[in-house]
Amino acid sequence: MNSVRFLNLELKNPTVLASGILGLTASSMWRVVEVGGAGAVTTKSFNKDWRSGHKNPSILPFRHGLLNAVGLSNPGIDEMVKEIGKFKQRASAPIFASIFGRTIDEFAEVTQRTVEAEPDLLEVNVSCPNVHSEFGQPFGDSLSDTAKVTEIVKKHAGSIPVSIKLGPHGPGIARLAKVCEENGADAITAINTVGPGMLIDIDVRKPILSNKTGGVSGPAILPIAVKSVYEVYRQVKIPIIGTGGVTQPEDAVQLILAGASLIGIGTAVYYQGIKVFEKIARGIEAYLQKYGFTSLDEIRGLAHE
Amino acid sequence: MNSVRFLNLELKNPTVLASGILGLTASSMWRVVEVGGAGAVTTKSFNKDWRSGHKNPSILPFRHGLLNAVGLSNPGIDEMVKEIGKFKQRASAPIFASIFGRTIDEFAEVTQRTVEAEPDLLEVNVSCPNVHSEFGQPFGDSLSDTAKVTEIVKKHAGSIPVSIKLGPHGPGIARLAKVCEENGADAITAINTVGPGMLIDIDVRKPILSNKTGGVSGPAILPIAVKSVYEVYRQVKIPIIGTGGVTQPEDAVQLILAGASLIGIGTAVYYQGIKVFEKIARGIEAYLQKYGFTSLDEIRGLAHE
Amino acid sequence: MSDLMRTYPIKKIVEHGPGVKSFYFERMLDARAGQFVNVWLPGMDEKPYSVSALGENWLEISVKAYGPFSTAMMDLKVGDRLGVRGPFGKSFTYHDRALLIGGGIGIAPLRLLAHELSAKKLSFVSLLGAATKHELIFIEDFQKWSKNCYITTDDGSQGKQGLVTEDLLSIIEKEKIEFIYAAGPEIMFVKVKELIDPLDIPYEFCMERYMKCGIGICGQCVLDDSGVRVCVEGPVFNQDELKEVTELGMVHRDASGRRVKKF
Amino acid sequence: MSDLMRTYPIKKIVEHGPGVKSFYFERMLDARAGQFVNVWLPGMDEKPYSVSALGENWLEISVKAYGPFSTAMMDLKVGDRLGVRGPFGKSFTYHDRALLIGGGIGIAPLRLLAHELSAKKLSFVSLLGAATKHELIFIEDFQKWSKNCYITTDDGSQGKQGLVTEDLLSIIEKEKIEFIYAAGPEIMFVKVKELIDPLDIPYEFCMERYMKCGIGICGQCVLDDSGVRVCVEGPVFNQDELKEVTELGMVHRDASGRRVKKF
Ligand SMILES: Cc1cc2nc3c(=O)[nH]c(=O)nc-3n(C[C@H](O)[C@H](O)[C@H](O)COP(=O)(O)OP(=O)(O)OC[C@H]3O[C@@H](n4cnc5c(N)ncnc54)[C@H](O)[C@@H]3O)c2cc1C
Ligand SMILES: Cc1cc2nc3c(=O)[nH]c(=O)nc-3n(C[C@H](O)[C@H](O)[C@H](O)COP(=O)(O)OP(=O)(O)OC[C@H]3O[C@@H](n4cnc5c(N)ncnc54)[C@H](O)[C@@H]3O)c2cc1C
Ligand SMILES: Cc1cc2nc3c(=O)[nH]c(=O)nc-3n(C[C@H](O)[C@H](O)[C@H](O)COP(=O)(O)O)c2cc1C
Ligand SMILES: Cc1cc2nc3c(=O)[nH]c(=O)nc-3n(C[C@H](O)[C@H](O)[C@H](O)COP(=O)(O)O)c2cc1C
Ligand code: FES
Ligand code: FES
């Protein structure tokens with residue numbers, strides 16, 4: 001009963017591997033589905049050319065989550081398109097391709113080429129907070145840039161649905177989501193990491209991340225994710241991939257009650273291991289059963305009533 | 001050796017009770033100094049007329065901090081001015097008066113009347129995230145509004161130094177701080193709460209806070225506070241009251257290495273009890289001793305090197 | 001993490017009389033008499049209530065309809081869910097040869113105290129008062145556990161007509177009381193205090209103040225001049241702690257923090 | 001929370017030969033042979049290193065100068081602080097009548113394994129190879145703890161000239177080996193594997209891959225086709241786990257995640 005329809009897709013459960021986590025290769029994502037039990041997977045965000053990203057430390061646990069500034073490292077579109085193809089051959093779950101670009105033109109080009117691999121959804125990352133020094137402010141910090149990116153990606157995406165991934169900052173996530181919807185987005189992914197933040201080693205007296213600052217993910221950000229999904233749900237009709245701080249079934253249920261259709265899970269892989277997808281999917285099912293609901297649709301957005 | 005000079009003030013140690021925590025009455029703040037060991041105290045933010053604030057639940061612990069939407073409840077300027085006067089008679093530590101207004105004019109009026117009570121510093125709260133529905137966006141979300149508030153408060157503050165309290169959101173805390181400095185601010189308090197966030201009770205399926213959303217404080221936000229102080233320090237010459245997520249001496253040292261002159265402490269009172277000020281002050285002292293420093297000045301901002 | 005919000009269905013409701021009810025929840029609560037829980041009525045508000053009874057896996061609070069919140073609670077049905085966070089605050093300490101003075105709904109925390117004292121085989125006498133008969137809750141329990149149980153009502157509908165303070169001194173003498181517990185309207189306690197302070201008998205009183213957080217950070221419940229928090233250092237205070245409380249029976253604070261005179 | 005970053009001063013440095021050093025830190029580490037720590041050189045980078053020795057309150061890593069990072073480590077002095085997070089990954093399992101095959105700096109994790117095996121009184125034989133004499137670290141320890149210790153160098157500067165694989169089969173036979181551990185360049189292991197797979201002797205191999213997180217989330221160290229993570233399911237893999245690894249000796253991935261052919 002946990003299987004869900006999302007846009008034109010059928011997932012065995014509502015959990016989705018979030019972008020940037022174990023999403024580099026077909027093998028890795030295949031294992032997240034087969035062993036981990038994810039309902040769908042999202043690739044690491046990629047753009048045209050490969051990037052090494054920031055030096056280590058680039059991913060740093062602190063007591064309440066992670067700080068990361070991987071710097072959008074990725075092997076580039078050529079390799080990623082191959083991996084998407086391999087995944088589709090090997091696994092039955094949907095795959096979401098997460099793309100980004102440094103310019104509007106690059107978004108167009110990356111979309112065109114990614115579409116060839118026929119991912120089940122294009123997730124457009126306009127909200128990575130960790131490449132400021134290189135890219136300037138994220139596109140997602142501006143309503144007009146977000147509109148432009150959405151429009152151009154939709155133009156080249158053909159029949160493949162497009163979800164825009166937004167962060168909790170900038171001009172307000174609800175307004176951003178509205179602009180995405182108006183420009184044709186099929187879904188919203190909310191949220192990317194929060195902050196960014198910084199941690200300093202007090203003994204060597206230096207910021208620990210090589211990029212100095214990094215986005216906050218994990219349990220610390222759950223309330224901000226819940227609030228973001230809640231606001232987006234109020235503003236738009238398109239479905240939401242709620243993401244951020246989910247480590248327990250109860251967290252996922254909060255996001256669904258706030259309005260999420262699917263549940264992105266990233267950092268929880270660190271806390272709970274790769275089987276976290278299955279655990280959370282089962283927990284959601286148990287919740288539905290406890291209260292006599294027969295599908296997710298019945299509880300989505302209920303916190304608004 | 002832990003005593004510090006801050007602007008024209010002398011504090012017995014660098015810890016300051018943050019605004020909104022135990023800052024309603026002279027008796028309460030007196031106890032925070034006498035029993036808790038704080039180096040200075042900040043009043044609850046107040047404005048002209050009394051406000052009941054939001055209904056309960058208005059302060060909600062979650063696993064990694066607190067969510068609060070007290071809604072700037074306060075007994076109004078008449079009572080608060082009396083409490084400041086009483087505190088000054090009874091306690092020896094400096095007192096910072098936290099003020100806000102719904103309009104620029106109210107900021108002016110509240111400043112004028114607060115100055116009569118001769119607090120040691122005026123902290124200007126332009127960044128409360130919990131009164132949106134009533135006040136619209138916080139002044140601190142706009143560079144020009146922040147400039148205007150700073151200017152008007154400075155104009156009426158006379159010889160009392162002014163610190164503008166900023167949040168991590170909006171147009172960027174470093175730019176905001178710069179604007180404050182340019183308009184005469186004597187210090188910056190960074191940061192207010194983060195988010196806001198929301199938590200939903202999955203059994204009754206409603207947001208828990210009566211205001212639905214509330215600002216995140218406590219351990220979850222430490223990295224965001226460290227990063228905010230780091231950025232503000234790079235941008236301005238005026239001193240910083242670093243606030244946010246400090247529960248341990250090591251956290252305070254991080255903020256000092258990032259550039260803070262004083263350390264605001266709020267939510268830690270919940271985790272560690274009222275003596276947290278003394279504990280943290282001692283811990284900072286132990287850190288200085290361990291590395292052979294003789295004053296805080298020697299380590300302030302060292303993470304920038 | 002019992003400070004975290006969780007809701008529980010009401011499993012049982014007892015109506016003591018018009019506008020006075022007890023609510024039972026199935027939830028393990030590691031509490032002692034005098035401690036309170038914060039009760040959230042979704043969509044409405046959240047307020048502190050003393051634990052009036054406690055078992056291994058359940059707890060009970062007792063509420064008197066007063067203002068909008070407590071009146072709304074009277075409409076609740078079994079199965080409705082309420083948030084129950086806590087326990088918060090400090091509990092009573094245990095003493096032999098004690099007198100329990102309860103006024104109105106203040107009887108609630110004393111009910112749990114009486115249970116604990118009798119379980120510890122400590123002897124005590126009860127002196128309970130209320131406006132009228134219907135507000136005298138748990139009387140059978142007090143009668144069962146106390147050495148003696150004195151009752152007063154304002155309207156004489158049960159026990160002696162009058163106030164609990166009237167026979168207080170003679171009861172103390174007659175029963176050879178060595179410790180006094182009191183809970184009820186602050187005005188009652190002020191009068192009790194006047195009477196017993198000269199006797200030098202140690203006492204503990206359970207106070208009420210407007211609360212926002214219950215966890216010691218908002219400052220809403222702080223007492224003049226000692227600066228102690230009713231939600232952390234209280235709600236139970238002893239005679240020494242109360243010496244430094246200058247506002248007793250004089251003022252308390254409302255939701256804004258303003259001083260209010262009326263009690 | 002040993003995954004959290006903390007820095008520790010280097011307490012001792014041992015120079016084994018040109019460009020090969022061991023670093024000692026005073027830190028309790030609950031680790032076993034095969035597990036690694038992430039070592040942060042502030043301002044530079046952070047990379048994984050096997051624990052080569054371990055005491056109650058200290059640990060040691062052994063580093064060979066190779067690229068920019070490991071070369072920078074050679075300039076460190078006692079008192080310099082490095083971040084040491086971990087332990088991460090899975091350790092070797094214990095077996096009797098084992099053969100330890102180490103190549104170059106791959107000898108590091110086997111050093112700790114040899115110590116553990118000898119402490120458990122399990123017998124083993126060592127077969128250690130390196131480019132040259134200076135890179136043969138901890139030889140005295142292996143000689144002390146092993147039943148027999150065979151040594152090869154590419155240049156013949158110590159032991160027999162040649163590769164560890166040359167006499168491998170005869171040693172296995174002669175020493176009646178029942179389990180094989182190997183750590184070293186992947187190319188060495190590919191050859192070892194070719195030779196021992198027909199023998200049906202169980203084995204464990206300690207792998208290296210480019211790592212970003214060490215905690216199983218970035219996906220950088222994942223192996224084709226099984227999708228296992230070297231940092232969590234490895235770095236020690238057994239013959240069954242390796243059956244599903246198609247990239248062995250063929251490709252690995254660089255910092256961007258691109259496949260790189262050269263080893
Ligand atoms: C530690 C403690 C234990 C309590 N135990 C009980 C109990 O066992 N049974 C019981 O019926 N009542 C108890 N109360 C009182 C209870 O919390 C409510 O105040 C009461 O039910 C009246 O609320 P109302 O909203 O219906 O009335 P209102 O008309 O809103 O309030 C009546 C009075 O109650 C006080 N009050 C209102 N809101 C709060 C608040 N959030 N916190 C504290 N006081 C408030 C105010 O002084 C007000 O004048 C206790 C209070 C405290 C502080
Ligand atoms: C589990 C594990 C244990 C290791 N144990 C040791 C050890 O005990 N002693 C030792 O000297 N070396 C060890 N290494 C290798 C070490 O991490 C470094 O790769 C090596 O020191 C070379 O780094 P470099 O930057 O100096 O050289 P580079 O020229 O930058 O790199 C040389 C090669 O090392 C690999 N490499 C570079 N960066 C990383 C990274 N972040 N993670 C993994 N591999 C990387 C790459 O494949 C590269 O081709 C281990 C690696 C792993 C994965
Ligand atoms: C190590 C790491 C790398 C990430 N990389 C990406 C990325 O490449 N693209 C992206 O859209 N989001 C990226 N994210 C953000 C996550 O997809 C997710 O939105 C965020 O971490 C919040 O969810 P979580 O708390 O479940 O991790 C990354 C997060 C982490 C922790
Ligand atoms: C319950 C509560 C009430 C607060 N009220 C105010 C306020 O009135 N004015 C203000 O400037 N900040 C207020 N804050 C923010 C704190 O002063 C502080 O900036 C923030 O909580 C981060 O610090 P902390 O993590 O140490 O609590 C409040 C915070 C909390 C938790
Ligand atoms: S209710 Fe907040 S301090 Fe007591
Ligand atoms: S190094 Fe990140 S998953 Fe292994």
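Reminder, nothing fancy here: chain letters follow the sequence lines and each chain counts from 1.
- Looking at C/Val232, neither its backbone nor its side chain comes within 4.5 Å of chain B, counting heavy atoms on both sides.
- Atom CG of C/Leu4 is separated from atom CG of B/Asp201 by 11.5 Å, given to the nearest 0.5 angstrom.
- Considering C/Met211, C/Glu46, C/Met44 as possible partners of B/Asn56, the one that fulfils the side-chain contact (heavy atoms from CB on, under 4.5 Å) test is C/Glu46.
- Environment of CG in C/Asp30: sparse, with no more than 12 heavy atoms of neighbouring residues, nucleotides or ligands closer than 6.0 Å.
- Taking OG of B/Ser52 as the start and OH of C/Tyr210 as the end, the distance is 7.0 Å to the nearest 0.5 Å.
- Taking 4.5 Å as the limit, some side-chain heavy atom of C/Arg229 sits within range of a side-chain heavy atom of B/Leu22.
- With a 4.5 Å cut-off on non-hydrogen atoms, C/Leu82 does not touch chain B at all.
- Taken from CG in B/Leu199 to CE in C/Met5, the straight-line distance is 10.0 Å, to the nearest 0.5 Å.
- Across all non-hydrogen atoms, the minimal contact from C/Ala255 to B/Ser73 is O-CB, 3.8 Å.
- Contacts of B/Ser28 with chain C are made by both backbone and side-chain atoms, with heavy-atom separations under 4.5 Å.
- Residue C/Arg32 places its CZ atom among 12 or fewer non-hydrogen atoms of other residues, nucleotides or ligands, all under 6.0 Å distant.
- Considering only heavy-atom pairs separated by less than 4.5 Å from chain B, the leading option among C/Leu223, C/Leu41, C/Asp224, C/Asp254 is C/Asp224.
- For B/Glu118, the CD atom sits in a loose shell: 12 or fewer heavy atoms of surrounding residues, nucleotides or ligands are nearer than 6.0 Å.
- Side chains of B/Tyr270 and C/Asp3: a donor-acceptor N/O pair is present below 3.5 angstrom, by distance only.
- Looking at C/Ile215 and B/Leu66, their side chains come closer than 4.5 Å, going by heavy atoms from C-beta outward.
- Here the shortest heavy-atom pairing between C/Trp40 and B/Pro207 reads CZ2-O, 3.8 Å.
- Chosen from B/Met80, B/Arg90, B/Lys44, B/Lys206, the residue pairing most often with chain C at heavy-atom distances under 4.5 Å is B/Arg90.
- The minimum heavy-atom distance linking B/Leu24 with C/Gly219 is given by the pair CD2-O, 3.8 Å.
- Using a 4.5 Å cut-off between heavy atoms, C/Glu244 does not touch chain B at all.
- Side-chain contact check for C/Arg258 versus B/Asn74: every heavy-atom pair is 4.5 Å or farther apart.
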**OP:** Go through the steps for C/Ser256 and B/Arg51 under the test side-chain contact (heavy atoms from CB on, under 4.5 Å), then give the verdict.
**Re:** CA-CA 5 Å; C/Ser256 76; B/Arg51 303 166 46 82; 5.5 Å; no
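- At most 12 heavy atoms of other shown residues, nucleotides or ligands fall within 6.0 angstrom of atom NZ in B/Lys212.
- Minimum interatomic distance between B/Pro75 and C/Gly257 (heavy atoms only, all atoms of both residues): CB-C, 3.6 Å.
- The environment of NZ in C/Lys90 is crowded: more than 12 heavy-atom neighbours from other residues, nucleotides or ligands sit within 6.0 Å.
- Heavy-atom pairs under 4.5 Å with chain C peak, among B/Arg31, B/Lys55, B/Glu34, at B/Arg31.
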Original post:
Going through the distances and angles, do B/Lys82 and C/Arg259 end up as a side-chain contact (heavy atoms from CB on, under 4.5 Å)?
Top reply: CA-CA 12 Å; B/Lys82 279 188 222 152; C/Arg259 287 194 165 68; over 6 Å; no
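- Heavy-atom distances place both the backbone and the side chain of B/Asp203 under 4.5 Å from chain C.
- By number of non-hydrogen pairs under 4.5 angstrom with chain C, the leading residue of B/Thr267, B/Val269, B/Ile274, B/Ile208 is B/Ile208.
- Only the side chain of B/Lys86 comes within contact range of chain C, judged by heavy atoms closer than 4.5 Å.
- Between chain B and the residues C/Val228, C/Asp80, C/Ile217, C/Val222, the most heavy-atom pairs under 4.5 angstrom are made by C/Ile217.
- Counting only heavy atoms from C-beta outward, the side chains of B/Ile59 and C/Cys218 approach each other to under 4.5 Å.
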